[in-house]
Structure formats: structure tokens, C-alpha cells
K.L.:
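The structure's right below; bear with me while I get my questions together.
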Amino acid sequence: MSQQQPKRLTRKELLRRNKRIAKRRQNRMILAGVVVTAFLVYITGIYGASLAFLGDFLSTGIVYLQFGNGFPIKVENQTFKQAEKMGSALSVLNSESLSFYSPTGSKVYEYYHSMQNPVIDVSNNRVVIYNANETSLKIANAHKILFNQEMSNDIIHASLAKNNYVAVTTKSQSFNGEVVIYNSQMEEVMKWLNAKSFPVQSFLSPKAKTLAVSCVLAENGKLMSDIYIIDIHNGTEKYSLRNAEGAVLSIEYINENEIIVFYTNKAVIINTDDGSVKYEYQYNGKNLKSYEIKNRQILMSFGSYTTKSDSDIIMTDFKFEPIFEVNTPEFIFDVTISSQRIYAMSDKVIEQYSLSGEKIGETPIKNNIKSILDYNGCIAIYGDSLDKVEKYKGNS
């Protein structure tokens, strides 16, 4: 009986097999590199005696090696809250749990939080999850809960710096509100109290040298906003800035010494050293619906808060010099920048634009879409799934 000859692979099958072998070899090298680098970083004292930092470092690398079946990913029918990119992981918060996924769609870790009003904020390798208007707060990486913290007063807002310091804005027994700063080991560094206005948000510079606190107050029946810049090293207020025309929507540090403040009526870039306004962008009566900052560019969408009308999509540089401005008949809820594309989400389609504002195509969507975000390409978050949005090819 003649021995059966092995099947000869086609050129395409051979290339596919070689790619798989190369990928496995690359993954083994990545894992070895992560472990060795983490060990060297740890013993040289960059992370000191903190095992939590070593865990963060390993967690970020190991996420890449959690292999799934790709997108779309089916999720349980729970109420979606937030989705954020956290280093190599995709973090998805719903009414019952906080889940972390790898780039290939594997669920790396899931934490059931038991919070009534959960909110998250992320750094490169950690997430803070807190119960708004309650006292519970936790710090996690993509594999476990690192710290549990019970605040003395109800939490209004919490945020993470790039160096994993945490700013927690709370109510206060004796003041209008307070902000507590913790280091990466959840040791209290500073507490700031305010008796003049009501703190609602607080943001740390990347290296946690300064703190920007957004506050609200009313004078003569008119709502106003104050921004306090605080030196964390000595706990003193450097100055405060008042806007009598609109409330603060959000604050973003673009480097250690500059912030972008998005008001309801304008956006400004402020030097945190002296409080000077470097650049200003007036909305001219438009309503800011969403924004994203990436690659020293600011992407904003404007539309109505009350009626589903057309929308304007605008991109500027850090001087608010226009890169492009387009109008779309769609009512845009959310925008993101991913894979050299701009994605704009309405309740009907996800539009795609080049970075110069040329429309490339659009993708029909299901009725229960919640959000879009950049995670190794554009991800569409639905009530029952996480889908990768196909990237249209264009000339730019």
C-alpha cells in the first residue's frame, strides 16, 4: 500500500502559515521582553518597592497575549455606561460590571461593582471606578482590583493622572466641597477645601504637579464658573479664573503647563503657570456636542441640544487655527479619531472623513448604538455587542 503524500500548500496557504508562525514567535518575544523589562525596571528602583506598579506593567503587556476570536463581540444585555481605551485594553462599563478586552476580543477580566451610579476614568494602565453621590472608589488594572477607598463624603468626580495619582472631588461637612489627592499607592498627598464656590470636577497635570478644579457659583441669579489652579507640592492656590458667560464642560491637560477648557460658549487654552489665556475659540452660538484631542489636533462637533438637525464637524490645531470645517445633514452625537480617519456617529450612520475633511464613506448602524471610540481602529459600542467599524479606503 503506497504511502499518502502530504498535501502541497498553495502559495497563499504557505504565506498564511508563515504569518501564523511569525506571529506566535513575535508574541513569545513580546512576553519575554515584558517580563524582563518589568523585572529590570523593578529592581533598579524606578518603581521603588511597589508591587502594584510591577503588576500594572505586566498587565499592560499580557493583555496583548490574550487571544480571542476578534470582533464583533457579543455582550450581555446590560445598561451601557462608558467605554475607554486603557493602554492595551478596552474597558467597558455597564450597570453591573467593568470588563476589559484585548485587541483580539478576549475578555481579560470582569469586575462586578455593585454600584448604583458607576463612573470611570483611565490612565495608561489603570482605571478609577467610583460610585457618584456615594463614597466607594476603587483602583484597578486590567487584571485585578488594586485599591479600595471609602471617602468621608459623597464623591462628585474622580480622575487619574498619567502617573496614576488620583484626584477625588467630594462634598464636605464644613465647606462647599473638597478635593483629595492620592499618590499611586493611594496615600493622601493633599486636601484642598473651598468655601467660595462649589467644586464639580478636578483634573491633574500629567506628572501631578498642578491641579485644575472646576467650580460653579451663582451671583445675582446668574450661573458662573471658577477654575482654580493649585500647586500640589505646597497645596497653595496659584490663582483662579472666572467665566461669567458659561459653565465649564470639561478640562484637559495638553502638557504639564497648559490646559484646554471647554466652556458652554467657548474653548480656551490657558498657561497654568500664570493663568494667561493663550488662544480662544468662540462657538458663536453653536452647542458643543463632543470633542477629541489627538496628535496636537482638536476635533469638535456642534449641533442642537433639542432638535435633530444638521451638525458641524471642525478640526483645529492647538492655536485654534482651522484645519477643516464640514457640515453634515446628520445629527452627530459622537466623534473620534482613529487609524488616520475621523469617525462621526449619528443615529443612522457612522461617517468617515480623512484628516483633511474629505468624506470617504459611511456605515449603516443598528438602532441601539451607544458610542464610538478609538481602539486599534474604530469600535462601535452597541447595547448587545462591540463591533469593529470597517475602514473605507480613500486617497488620503
K.L.:
Taking N220 for its side chain and K222 for its backbone only, find out whether a donor-acceptor pair lies under 3.5 Å.
P.N.:
no
K.L.:
Tell me the closest heavy-atom pair linking V179 and A167, and the distance in Å.
P.N.:
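Minimum heavy-atom contact is CG1-CB, 4.3 Å.
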K.L.:
In this structure, are over 12 heavy atoms from other groups packed under 6.0 Å from N367 atom CG?
P.N.:
no
K.L.:
Determine whether a donor-acceptor pair (N or O, by modelled atom type, separation under 3.5 Å) exists between the side chain of S311 and the backbone of E330.
P.N.:
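Flag set: sc S311 to bb E330 pair under 3.5 Å.
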K.L.:
Hey, are the side chains of K388 and N376 touching, using non-hydrogen atoms and a 4.5 Å cut-off?
P.N.:
yes
K.L.:
Output the distance between atom OH (Y165) and atom CG (L211), rounded to the nearest 0.5 Å.
P.N.:
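Reported value, rounded in 0.5 Å steps: 13.0 Å.
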K.L.:
Determine whether T336 and C378 make a side-chain contact, defined as any pair of heavy atoms from C-beta on separated by less than 4.5 Å.
P.N.:
yes
K.L.:
Minimum heavy-atom separation for F324 to S354, with atom names?
P.N.:
CE2-O, 4.3 Å
K.L.:
So V213 and N194, do their side chains get closer than 4.5 Å, heavy atoms only?
P.N.:
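In short, these two side chains do not touch, never coming nearer than 4.5 Å.
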K.L.:
Counting only N and O atoms by type, is there a donor-acceptor contact under 3.5 Å from the side chain of E256 to the main-chain atoms of K207?
P.N.:
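It does hold such a pair.
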K.L.:
Considering only heavy atoms from C-beta outward, does the side chain of M300 approach that of K286 to under 4.5 Å?
P.N.:
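Heavy-atom side-chain distance check fails, nothing below 4.5 Å.
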K.L.:
Quick check on the 6.0 Å ring-centre criterion: do F331 and F333 meet it?
P.N.:
yes
K.L.:
Side-chain contact, heavy-atom cut-off 4.5 Å: N125 with N141?
P.N.:
no
K.L.:
Classify the side-chain pair D312/N327 by whether it contains a donor and acceptor separated by less than 3.5 Å.
P.N.:
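Side chains of D312 and N327: pair found under 3.5 Å.
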K.L.:
For atom CD of Q116, decide whether the heavy atoms of other residues, nucleotides or ligands shown that lie under 6.0 angstrom number more than 12.
P.N.:
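12 or below, so no.
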K.L.:
First locate atom CD1 of I369, then atom CZ of F80, and finally report the distance between them rounded to the nearest 0.5 Å.
P.N.:
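The distance works out to 10.0 Å.
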K.L.:
Is it possible for you to say whether F302 and L299 belong to one hydrophobic cluster, with membership spreading through side-chain heavy-atom contacts below 4.5 Å?
P.N.:
no
K.L.:
Would you compute the distance between atom SG of C215 and atom CE of M224 and round it to the nearest 0.5 angstrom?
P.N.:
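The SG atom of C215 sits 14.5 Å away from the CE atom of M224.
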K.L.:
If hydrophobic clusters are built by linking Ile, Leu, Val, Met, Phe, Trp and Tyr wherever their side-chain heavy atoms come under 4.5 Å apart, do M86 and I120 end up in the same one?
P.N.:
yes
K.L.:
Does the Y375 side chain pair with the main chain of S88, one donor and one acceptor, at a distance under 3.5 Å?
P.N.:
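Yes; judged by distance alone, with no hydrogens or angles, the pair exists.
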K.L.:
Is there a donor-acceptor pair closer than 3.5 Å between any side-chain N or O of H157 and the backbone N or O of S202?
P.N.:
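It does hold such a pair.
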K.L.:
Can you check side chain to side chain contact (heavy atoms under 4.5 Å, CB included) on N243 and V248, steps first, answer last?
P.N.:
CA-CA 9 Å; N243 180 17; V248 175; over 6 Å; no
K.L.:
Taking side chain as C-beta onward, heavy atoms only, is D387 less than 4.5 Å from K366?
P.N.:
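Counting from C-beta outward, D387 and K366 do come under 4.5 Å.
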K.L.:
Specify the closest pair of heavy atoms between Y283 and L288, including all atoms of both residues, with the distance to one decimal.
P.N.:
OH-CD2, 3.5 Å
K.L.:
On a heavy-atom basis, which atom in N176 and which in S197 lie closest, and how many Å separate them?
P.N.:
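N176 and S197 have their closest heavy atoms at CB-O, 3.0 Å.
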K.L.:
Step by step, work out the side chain to side chain donor-acceptor pair (under 3.5 Å) result for S136 and E150.
P.N.:
CA-CA 5 Å; S136 297; E150 283 293 324; 2.6 Å; yes
K.L.:
Cluster question for you: counting only ILVMFWY and a side-chain heavy-atom cut-off of under 4.5 Å, with indirect links fine, are L241 and V261 together?
P.N.:
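Yes, one cluster joins them.
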K.L.:
Rounded at 0.5 Å granularity, tell me how far CZ in F71 sits from CD1 in I379.
P.N.:
4.0 Å
K.L.:
I'd like to know whether S102 forms a side chain to side chain donor-acceptor pair (under 3.5 Å) with T104, so could you lay out the CA-CA distance, the side-chain angles of the two residues, the decisive distance to 0.1 Å, and finally the verdict.
P.N.:
CA-CA 5 Å; S102 75; T104 55; 3.2 Å; yes
K.L.:
Exactly one of Y263, F320, F262, F318 should register a ring-ring contact (aromatic ring centres under 6.0 Å, His included) with Y281. Which one does?
P.N.:
F320
K.L.:
Using the ring of each side chain (for Trp, its six-membered ring), is W192 parallel, tilted or perpendicular to Y228, with breaks at 30° and 60°?
P.N.:
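Rings of W192 and Y228: tilted, 30 to 60°.
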K.L.:
Using 4.0 Å as the upper bound for N to carboxylate O, is an ion pair formed by E292 and K85?
P.N.:
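No, no charged N to carboxylate O under 4.0 Å.
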K.L.:
Ignoring hydrogens and geometry beyond distance, is a side-chain donor-acceptor pair present between S240 and D226 at under 3.5 Å?
P.N.:
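Judged by distance alone, the side chains do not pair up.
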K.L.:
Please confirm whether the backbone N or O of V200 pairs with a side-chain atom of T169, one donor and one acceptor, at under 3.5 Å?
P.N.:
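No.
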K.L.:
If I take atom CG from residue N368 and atom CG from residue D347, how far apart are they, to the nearest 0.5 angstrom?
P.N.:
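Atom-to-atom, N368:CG and D347:CG are 12.5 Å apart.
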K.L.:
Within the supplied structure, the quantity of interest is the number of heavy atoms (other residues, nucleotides, ligands) at a distance under 6.0 Å from K348 NZ; does it exceed 12?
P.N.:
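Atom NZ in K348 is not crowded, with 12 or fewer foreign heavy atoms closer than 6.0 Å.
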K.L.:
Would you confirm whether N295, through its side chain, and Q297, through its main-chain N or O, come within 3.5 Å as a donor-acceptor pair?
P.N.:
no
K.L.:
Please lay out, stage by stage, how Y291 and E252 fare under the test side chain to side chain contact (heavy atoms under 4.5 Å, CB included).
P.N.:
CA-CA 11 Å; Y291 73 87; E252 299 269 358; 2.8 Å; yes
K.L.:
Indicate yes or no for a side-chain donor-acceptor contact from R126 to the backbone of L146 under 3.5 Å, with no hydrogens or angles considered.
P.N.:
no
K.L.:
Verify whether one side chain among E110 and Y112 offers a donor that lies under 3.5 Å from an acceptor in the other.
P.N.:
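E110 vs Y112: donor-acceptor pair found between side chains.
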K.L.:
Kindly give the heavy-atom pair with the smallest separation between A380 and I372, and that separation in Å.
P.N.:
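Shortest heavy-atom separation between A380 and I372 comes out as CA-CG2, 4.1 Å.
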K.L.:
Go through the steps for D121 and V166 under the test side chain to side chain contact (heavy atoms under 4.5 Å, CB included), then give the verdict.
P.N.:
CA-CA 10 Å; D121 188 59; V166 190; over 6 Å; no
K.L.:
For Q149 and Y130, run side chain to side chain contact (heavy atoms under 4.5 Å, CB included): C-alpha distance rounded to whole Å, both residues' side-chain angles, the deciding distance at 0.1 Å, then the answer.
P.N.:
CA-CA 9 Å; Q149 182 73 38; Y130 61 96; over 6 Å; no
K.L.:
Flag the pair I260 / Y279 as yes when at least one side-chain heavy-atom distance between them is below 4.5 Å, and no otherwise.
P.N.:
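Answer no - side chains too far apart.
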K.L.:
Can you hop from V277 to Y239 via hydrophobic side chains spaced under 4.5 Å?
P.N.:
yes
K.L.:
If you round to the nearest 0.5 Å, how far is OG of S276 from CD of E258?
P.N.:
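Separation between the atoms: 8.5 Å.
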K.L.:
Minimum heavy-atom separation for Y343 to R341, with atom names?
P.N.:
CE1-CB, 3.4 Å
K.L.:
Between N163 and N183, does any side-chain donor sit less than 3.5 Å from a side-chain acceptor?
P.N.:
no
K.L.:
For S371 and I381, indicate whether the former's side chain and the latter's backbone hold a donor-acceptor pair under 3.5 Å.
P.N.:
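It does not hold such a pair.
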K.L.:
So does N287 get a backbone contact from the side chain of S304, meaning a donor-acceptor N/O pair under 3.5 Å?
P.N.:
no
K.L.:
Could you tell me if the side chain of I270 sits less than 4.5 Å from the side chain of I229, heavy atoms only?
P.N.:
no
K.L.:
Start with the C-alpha gap between E351 and K359, add the side-chain angles, then the distance that decides, and say whether salt bridge (Lys or Arg N to Asp or Glu O under 4.0 Å) holds.
P.N.:
CA-CA 7 Å; E351 297 183 331; K359 185 172 181 179; 3.3 Å; yes
K.L.:
May I ask whether I251 and L204 are part of the same hydrophobic cluster, defined by side-chain heavy atoms of I, L, V, M, F, W, Y residues being less than 4.5 angstrom apart, directly or through others?
P.N.:
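No: no chain of side-chain contacts under 4.5 Å links I251 to L204.
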